Chemist: 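Here it is, the structure, as structure tokens.
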Amino acid sequence: MNIQETVRHVKNKSDFQRPHDLVGTTGGGNLFVFTGPSGVGKGTVREQLLLQVPSLVRSVSVTTRAQRPGEQEGVHYFFLSVEQFEQMRAANQLMEWAEFADCYYGTPKQWVENQLSAGVDVLLEIEVQGAKQIMQRFPGAVLIFVSPPSFESLRERLVRRNTETSEKIALRLAKAQQELREKYLFHYEVVNDNIEEAVLNLAYIVYAERCRIRTSSGEPKL
Ligand code: 5GP
């Protein structure tokens, strides 16, 4: 079976193996978190995964970062002022948040909670500090660290992407070094060397987790 056939095969199986159809589970959706350094290709694998895996939605984050050319409000991010972000944070409307490369990023809480309680699986693509907050607050969340094949490949990717000044790239690389040391905190590692393979591994993780038996609070059984 080639990769496409395998994905199709597993996809069909998942139609009747959603956790909320199984006796003894919570009826809630699964929370999947992609984390890893900036420039590793989390966004690209996320989009490919969403195309391939049914019944998986992604949360749109809020950020104070400037909008890049081609980015759309409400699609890529909700772009906020620092004041607006601070208001959301003070009103406890964020599930997690972090300061990254001099900007704030956060996950709107209400939307994600609504999806999960409706039994929909949600995907967050966030940096490492935020992923650690999710890990503490949502013990049932599945945390996947997306790694680069090498540190050099990360540098090349950030330079090639050409969305940041060289000063900002240096900041992101320094942060990446720190983040790579923290991968052992998470549940899975997927190396993004070949995109097709990375997406396939991620799809397998999603399908495996959908079949996992959980406790009544949504936590995976040992
Ligand atoms: P970028 O500015 O390149 O879009 O994103 C910078 C970093 O922020 C990436 O690692 C991205 O995954 C992360 N990020 C995006 N949204 C969120 C969020 O809601 N919370 C956290 N903690 N990080 C986020």
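In listed order, ligands and their atoms are each counted from 1. One is the number of the first residue; the rest follow in order along the sequence. Predicted, not measured: the structure shown is a model, and the values here were computed from it.
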Chemist: Given R65, M95, R172, which one has a non-hydrogen atom that is nearest to atom 3 (O) of ligand 1?
Modeler: R172

Chemist: I'd like to know whether ligand 1 has Q133 as a neighbour, heavy-atom separation below 4.0 Å.
Modeler: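 It does not; every heavy atom stays at 4.0 Å or beyond.
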
Chemist: For atom 4 (O) of ligand 1, grab the closest protein heavy atom and report residue, atom and distance to one decimal in Å.
Modeler: Y77 OH, 2.5 Å

Chemist: Does K175 approach ligand 1 within less than 4.0 angstrom via side chain, backbone, both or neither, non-hydrogen atoms only?
Modeler: neither

Chemist: Can you list the atoms of ligand 1 that are under 4.0 Å from a heavy atom of F100?
Modeler: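 Counting from 1, the qualifying ligand atoms are 6 (C), 7 (C).
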
Chemist: Roughly how far, to the nearest 0.5 Å, is the CG atom of L143 from the NZ atom of K183?
Modeler: 15.5 Å

Chemist: Any idea how Y105 and F100 line up, ring-wise: parallel (<30°), tilted (30 to 60°), or perpendicular (>60°)?
Modeler: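 Perpendicular: the ring planes of Y105 and F100 meet at over 60°.
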
Chemist: How far apart are the C-alpha atoms of Q129 and K175, what are their side-chain angles, what is the distance that settles it, and do they pass the side-chain contact (heavy atoms from CB on, under 4.5 Å) test?
Modeler: CA-CA 11 Å; Q129 297 168 69; K175 185 86 185 160; 3.2 Å; yes

Chemist: Which residue and non-hydrogen atom of the protein lie closest to atom 9 (C) of ligand 1, and at what distance in Å?
Modeler: K42 NZ, 3.8 Å

Chemist: Closer than 4.0 Å to some heavy atom of R161 - which atoms of ligand 1 meet that?
Modeler: 3 (O)

Chemist: Which atoms of ligand 1 are found less than 4.0 Å from any heavy atom of A98?
Modeler: 22 (N)

Chemist: V57, Y77: one ILVMFWY side-chain cluster at the under-4.5 Å cut-off?
Modeler: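 Each belongs to a different hydrophobic cluster.
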
Chemist: In terms of residue, atom name and distance, what is the protein heavy atom nearest to atom 11 (C) of ligand 1?
Modeler: E125 OE2, 3.4 Å

Chemist: What residue and atom, counting heavy atoms only, is the protein's closest point to atom 23 (N) of ligand 1, and at what distance?
Modeler: E127 N, 3.1 Å

Chemist: On the 0 to 90° scale, with breaks at 30° and 60°, tag the F186-F145 ring pair as parallel, tilted or perpendicular.
Modeler: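 Parallel, since the angle between the ring planes stays under 30°.
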
Chemist: Who's closest to atom 17 (C) of ligand 1 heavy-atom-wise, of P37, S61, G36?
Modeler: S61

Chemist: Considering the options R212, R210, E209, R214, which one meets the side chain to side chain donor-acceptor pair (under 3.5 Å) requirement together with N30?
Modeler: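 Output: one option passes, namely R214.
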
Chemist: Nearest protein heavy atom to atom 20 (N) of ligand 1, by residue and atom, and its distance?
Modeler: E96 OE2, 2.7 Å

Chemist: State, with a plain yes or no, whether a side-chain heavy atom of S61 is found less than 4.5 Å away from one of F78.
Modeler: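 The answer is no, as the side chains (C-beta and beyond) never meet within the 4.5 Å cut-off.
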
Chemist: Could you go through K109 and L94, starting from their C-alpha distance and side-chain angles, then the distance that decides it, and tell me whether this counts as side-chain contact (heavy atoms from CB on, under 4.5 Å)?
Modeler: CA-CA 5 Å; K109 187 155 81 176; L94 299 176; 5.8 Å; no

